[in-house]
Peer 1: 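Starting off with a structure, shown below.
For clarity, every value in this text was computed on a predicted model and none was experimentally measured. Sequence lines set the chain letters: A, B, ... in the order given, protein chains first and strands last, and positions in each chain run from 1.
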There are 2 protein chains.
Amino acid sequence: MIANPDTAHSHPAAPDAPSARELITARGGRVTRTRVAVLDVLRSAPRPLNHDQIAAELEAAGEQHDRVTLYRALDWLVEQGIATRVAGSDRAWKFELVRDTGHRHAHFHCQRCGRVLCLDEVEPALAGALPAGFRLEQAELVLHGACADCTAPPPTP
Amino acid sequence: MIANPDTAHSHPAAPDAPSARELITARGGRVTRTRVAVLDVLRSAPRPLNHDQIAAELEAAGEQHDRVTLYRALDWLVEQGIATRVAGSDRAWKFELVRDTGHRHAHFHCQRCGRVLCLDEVEPALAGALPAGFRLEQAELVLHGACADCTAPPPTP
DNA sequence: TCATTTGTGCAACATTGTAGCATTTGCGTG
DNA sequence: CACGCAAATGCTACAATGTTGCACAAATGA
């Protein structure tokens with residue numbers, strides 16, 4: 001069961017995960033400043049980030065990257081199956097690393113605090129609920145509502 | 001069980017449904033050309049439509065409406081609970097009439113044929129799959145994959 | 001080192017939606 | 001029916017989020 005949103009999505013950088021360089025060269029891509037930087041940001045992100053947030057992270061790290069180049073790097077990562085797009089409530093895509101192929105997880109968007117959390121338990125239930133003949137393919141799936149933190153009554157002051 | 005997408009979403013205009021005028025005046029809104037026209041389009045639409053599609057329908061019917069006015073009419077409908085927003089694969093919202101309050105349904109977006117279908121059976125399963133403390137609120141929920149038509153092998157020629 | 005091909009960076013454009021504001025219109029009242 | 005006023009409309013601008021085209025730079029293999 002998932003109660004605390006901050007631990008609900010404990011993805012940040014498994015120690016044995018392949019390096020950015022490895023991820024890139026494995027698909028025959030060139031190892032460029034932007035791709036490495038974006039990968040590093042995504043790898044240490046606790047939840048899906050949109051283009052703006054990624055750019056902000058990069059700037060915080062003292063890196064300057066062109067807006068278009070960022071879009072293209074992200075597009076490439078998605079195309080290569082390294083990252084996925086997640087639809088948010090606004091019309092901006094969020095991006096997230098694909099952790100292990102074969103396991104898809106859904107996202108929950110809290111309409112109170114705006115956070116996007118990852119839910120590992122939902123997909124099996126969904127697969128059973130879909131009509132026969134339908135196939136659930138994409139991890140891009142977002143539920144909306146209120147998360148545990150926001151439904152909980154405030155602590156007595 | 002839902003097998004045929006064309007019947008899966010059999011919403012078009014129940015004969016006893018309230019008229020556009022009734023729907024509008026019931027919330028204290030003014031009955032204007034645009035609201036009535038938009039409601040009529042949504043009422044006869046077999047699936048959620050985005051702003052562009054609605055405008056196209058109106059033009060096909062010989063009606064000319066301002067882009068902004070359309071947005072505002074749609075916003076008002078959503079605000080009044082008459083319509084809901086559905087997120088699509090592009091960043092444009094789709095709109096759909098709320099049929100009966102109290103019953104929320106999810107949407108399935110087929111990535112082959114691009115159709116958005118409505119699934120009545122999914123929500124109960126979802127509610128059980130969410131972690132404790134989480135509340136599923138919004139009907140705006142889209143699953144992605146392939147629908148029955150598109151997963152089925154082509155008929156032997 | 002050199003050539004080739006892949007990415008980058010810039011500027012311009014496209015789509016989707018919002019904001020401000022003057023004008024028109026629906027509709028209750030006299 | 002005429003009036004008056006709030007509610008909607010219809011501009012025009014503007015904002016956010018991507019995309020496209022093209023010249024230039026840089027990664028990689030020979």
Peer 1: Begin from the C-alpha positions of T84(A) and V78(A) and carry the test side-chain contact (heavy atoms from CB on, under 4.5 Å) through to its verdict.
Peer 2: CA-CA 5 Å; T84(A) 54; V78(A) 169; 5.8 Å; no

Peer 1: Are any of the side-chain nitrogens in K94(A) or D52(A) under 4.0 Å away from the carboxylate oxygens of its partner?
Peer 2: no

Peer 1: Taking the side chain of T69(B) as heavy atoms from C-beta outward, which of dG9(C), dA8(D), dG10(D) is closest to it?
Peer 2: dG10(D)

Peer 1: Using a strict threshold of under 4.0 Å (side-chain N to carboxylate O), is an ion pair present between R72(B) and D66(B)?
Peer 2: no

Peer 1: Can you tell me how far P of dC11(D) sits from NE2 of H65(B), to the nearest Å?
Peer 2: 13 Å

Peer 1: Considering only dC11(D), dT28(D), dT9(D), which nucleotide approaches the side chain of D66(B) most closely?
Peer 2: dC11(D)

Peer 1: Salt bridge or not for E63(A) and R33(A), using N-O below 4.0 Å?
Peer 2: yes

Peer 1: Closest nucleotide of DNA chain C for R33(B) versus for N50(B): which of these residues is on the 5' side?
Peer 2: N50(B)

Peer 1: Rounded to the Å, how far apart are I24(B) CD1 and dA7(D) P?
Peer 2: 16 Å

Peer 1: Considering only heavy atoms and no angle criterion, is a donor-acceptor pair shorter than 3.5 Å present between the side chain of R67(B) and the base of dG17(C)?
Peer 2: yes

Peer 1: Write down the distance between CG (D75(A)) and C1' (dT20(D)), rounded to a whole number of angstrom.
Peer 2: 12 Å

Peer 1: When you check the phosphate oxygens OP1 and OP2 of dT6(C), does a side-chain N or O of T32(A) lie under 4.0 Å from one of them?
Peer 2: no

Peer 1: So which nucleotide from dT16(C), dG9(C), dG7(C) ends up closest to the side chain of R30(A)?
Peer 2: dG7(C)

Peer 1: Using rotation axes that map the C1' atoms of four end pairs onto the next four (five pairs an end), what angle separates the end axes of the helix from dT1(C)-dA30(D) to dG30(C)-dC1(D), to 10°?
Peer 2: 30°

Peer 1: Between P on dT8(C) and CD on Q64(A), what's the gap in Å once rounded to a whole number?
Peer 2: 15 Å

Peer 1: dA27(D), dT18(C), dA6(D): which one has an atom nearest the side-chain heavy atoms of Y71(B)?
Peer 2: dT18(C)

Peer 1: Does a side-chain heavy-atom distance below 4.5 Å link L39(A) with L97(A)?
Peer 2: yes

Peer 1: Between F95(B) (CZ) and dT16(C) (P), how many Å, whole number?
Peer 2: 12 Å

Peer 1: Mark yes when over 12 heavy atoms from residues, nucleotides or ligands other than R27(B) sit less than 6.0 Å from its CZ; otherwise mark no.
Peer 2: yes

Peer 1: Measure CZ/R85(A) against C1'/dT19(D) and give the value in whole Å, please.
Peer 2: 12 Å

Peer 1: Rounded to whole angstrom units, what separation is found between the CD atom of E79(A) and the P atom of dT6(C)?
Peer 2: 13 Å

Peer 1: Could you say whether T25(A) or D52(A) is positioned toward the 5' end of DNA chain D, judged by the nucleotide with the nearest heavy atom to each?
Peer 2: D52(A)

Peer 1: Of the options dT12(D), dA8(D), dT19(D), whose atoms approach the side-chain atoms of V68(A) most closely?
Peer 2: dT19(D)

Peer 1: Take atom CZ in R21(B); do more than 12 heavy atoms of anything else shown fall under 6.0 Å from it?
Peer 2: no

Peer 1: Mind checking R72(A) for me? I need base, sugar-phosphate or nothing, with any heavy atom below 4.0 Å counting as a touch.
Peer 2: base

Peer 1: Is there a donor on the side chain of R35(B) or the base of dA8(D) sitting less than 3.5 Å from an acceptor on the other?
Peer 2: no

Peer 1: Give a yes/no on whether any side-chain N or O of T34(B) is located under 4.0 angstrom from OP1 or OP2 of dT9(D).
Peer 2: yes

Peer 1: Would you kindly give the CH2-to-P distance between W93(B) and dT18(C), to the nearest whole Å?
Peer 2: 10 Å

Peer 1: Would you say the side chain of D75(B) lies within less than 4.5 Å of the side chain of R85(B), judging by non-hydrogen atoms?
Peer 2: yes

Peer 1: With sugar-phosphate meaning primed atoms plus P, OP1 and OP2, does R21(B) contact a base, only sugar-phosphate, or nothing at under 4.0 Å between heavy atoms?
Peer 2: sugar-phosphate

